[in-house]
A.B. asks: 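Here it is, the structure, as structure tokens.
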Amino acid sequence: MTQVRPRITKAVIPAAGLGTRFLPATKATPKEMLPVVDKPAIQYVVEEAVAAGLSDVLMVTGRNKRPLEDHFDRNYELEEALTRKGDSSRLARVRESSDLATMHYVRQGDPKGLGHAVLCAEPHVADQPFAVLLGDDLIDPRDPLLTRMIDTSERFGGSVVALMEVPPEQIHLYGCAAVEKTGDESDIVRVTDLVEKPSAAEAPSAYAVIGRYVLDPAVFDVLKQTPPGRSGEIQLTDALRELARDETPGGPVHGVLFDGRRYDTGDRGDYLRAIVRLACEREDLGPDFRAWLRRFVSEDMQA
Ligand code: G1P
């Protein structure tokens with residue numbers, strides 16, 4: 001009898017990182033709260049999970065991350081003040097984040113790496129497949145990567161990673177996958193091996209693992225056995241490497257090849273590009289902002 005795989009309903013968002021690349025902005029504010037136009041980066045990520053049908057969201061947080069909990073909670077004082085003013089559009093904006101999903105929080109305690117952060121989700125996730133979304137990656141809502149990954153996991157079982165081709169000089173920033181064609185759809189490959197942050201010479205391919213995963217719950221047992229890897233941390237990539245071996249429960253591992261719009265808000269340059277792009281596309285801000293941007297660039301940044 002074939003076992004019916006439970007539907008994926010839970011998303012896990014690791015958010016315990018220190019955000020040192022954005023100091024001093026992140027000295028007293030979590031990096032996930034940095035605004036991308038007028039919404040904190042993390043809200044885009046939760047919206048993406050919800051758009052893919054995952055309305056149960058667990059954030060793995062740490063010290064100094066209270067603003068994240070407050071952001072996804074009601075703010076009665078503010079709501080009352082906006083109601084009194086009759087400012088219904090801002091009131092709706094304020095309520096959006098608290099109405100979005102059912103939020104849960106767990107603290108990571110020791111920052112022992114991404115694999116360890118995922119392991120902190122075990123009591124909440126238990127024995128169901130689940131998605132992991134890394135907060136530094138924003139995926140444009142017009143390119144529904146996570147939905148494609150969920151479909152792939154329902155079809156093949158096991159676990160699914162998102163892969164993006166990057167130039168050799170960037171591969172050391174990512175997990176890297178060795179892949180085989182699956183034969184049918186051109187954007188789905190079988191992952192045969194993974195290496196965390198290899199040098200260009202060691203990299204088995206140009207495919208970088210980007211921050212979206214659909215994981216079989218067998219990953220928890222594997223993570224418990226995974227020794228510290230690169231940077232002395234427990235790496236999710238190392239556990240996935242184990243799952244990718246034929247005989248391990250929780251596999252196989254498939255990859256969805258993604259060539260859509262992705263912004264790495266953990267990198268200052270990409271963060272600025274994300275803001276400019278998204279601002280240009282906004283109906284309310286876009287027309288004025290685009291006109292200014294054109295002048296600014298054509299007049300040698302004097303506008
Ligand atoms: C993490 C993972 C890495 C992955 C990357 C995607 O690294 O360890 O395998 O490629 O996310 O953004 P980090 O960027 O947290 O150093």
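Small disclaimer: the values here were computed from a predicted structure and weren't measured. Worth knowing before you read on, the calculation uses all heavy atoms, side chains too, and leaves out hydrogens, waters and symmetry mates. Order of appearance sets the numbers: ligands from 1, and atoms from 1 within every ligand.
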A.B. asks: Does K39 make a cation-pi contact with Y44, if we ask for NZ or CZ under 6.0 Å from the ring centre and within 45° of the axis?
C.D. replies: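 Satisfied, under 6.0 Å and within 45°.
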A.B. asks: Following the transitive rule for hydrophobic clusters with a side-chain heavy-atom cut-off under 4.5 Å over Ile, Leu, Val, Met, Phe, Trp and Tyr, establish whether L134 and V125 coincide in one cluster.
C.D. replies: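 Per the 4.5 Å side-chain linkage, L134 and V125 are co-clustered.
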A.B. asks: Which heavy atom of the protein is the closest neighbour of atom 8 (O) of ligand 1, given with residue, atom name and distance?
C.D. replies: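 Heavy-atom neighbour on the protein nearest atom 8 (O) of ligand 1: E196 OE2, 2.6 Å.
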A.B. asks: Would you say the side-chain atoms of H71 and Q43 include a donor-acceptor pair closer than 3.5 Å?
C.D. replies: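 Yes, a side-chain donor-acceptor pair sits under 3.5 Å.
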A.B. asks: Taking 4.0 Å as the limit for heavy-atom contacts, which would you say applies to L134 with ligand 1: side chain only, backbone only, both, or neither?
C.D. replies: side chain
A.B. asks: For residues V189 and Y207: do they belong to one hydrophobic cluster (side chain heavy atoms under 4.5 Å, members Ile, Leu, Val, Met, Phe, Trp, Tyr)?
C.D. replies: yes
A.B. asks: May I ask you to identify the nearest protein heavy atom to atom 4 (C) of ligand 1, giving residue, atom name and distance to one decimal place in Å?
C.D. replies: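 For this ligand atom, the closest protein heavy atom is V209 O, 3.4 Å.
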A.B. asks: Take atom 13 (P) of ligand 1 and look for protein heavy atoms under 4.0 Å from it; say yes if you find one, no if not.
C.D. replies: yes
A.B. asks: Which of the numbered atoms in ligand 1 are under 4.0 angstrom from any heavy atom belonging to Q235?
C.D. replies: 8 (O)
A.B. asks: I'd like to check which ligand 1 atoms, numbered from 1 as shown, lie under 4.0 Å from a non-hydrogen atom of G175.
C.D. replies: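 Per the distance check, 3 (C), 4 (C), 9 (O), 10 (O).
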A.B. asks: Atoms of ligand 1 less than 4.0 Å from D137 heavy atoms?
C.D. replies: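 Here the atoms of ligand 1 in question are 12 (O).
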A.B. asks: Answer yes or no: are there more than 12 heavy-atom neighbours, outside L91 itself, under 6.0 Å from its atom CG?
C.D. replies: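 Enclosed: over 12 neighbouring heavy atoms sit under 6.0 Å from CG of L91.
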A.B. asks: Got a salt bridge between D140 and R262, using NZ or NE/NH1/NH2 to carboxylate O under 4.0 Å?
C.D. replies: no
A.B. asks: Evaluate the salt bridge (Lys or Arg N to Asp or Glu O under 4.0 Å) criterion for residues R155 and E185: first the C-alpha distance (whole Å), next the side-chain angles of each, then the deciding distance (0.1 Å), finally the verdict.
C.D. replies: CA-CA 12 Å; R155 187 162 149 212; E185 281 146 279; 2.4 Å; yes
A.B. asks: Identify the closest protein heavy atom to atom 7 (O) of ligand 1: which residue and atom is it, and at what distance?
C.D. replies: K197 NZ, 3.4 Å
A.B. asks: Using a 4.0 Å cut-off to any heavy atom of T237, which atoms of ligand 1 qualify?
C.D. replies: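 In order of numbering, the contacting atoms are 9 (O).
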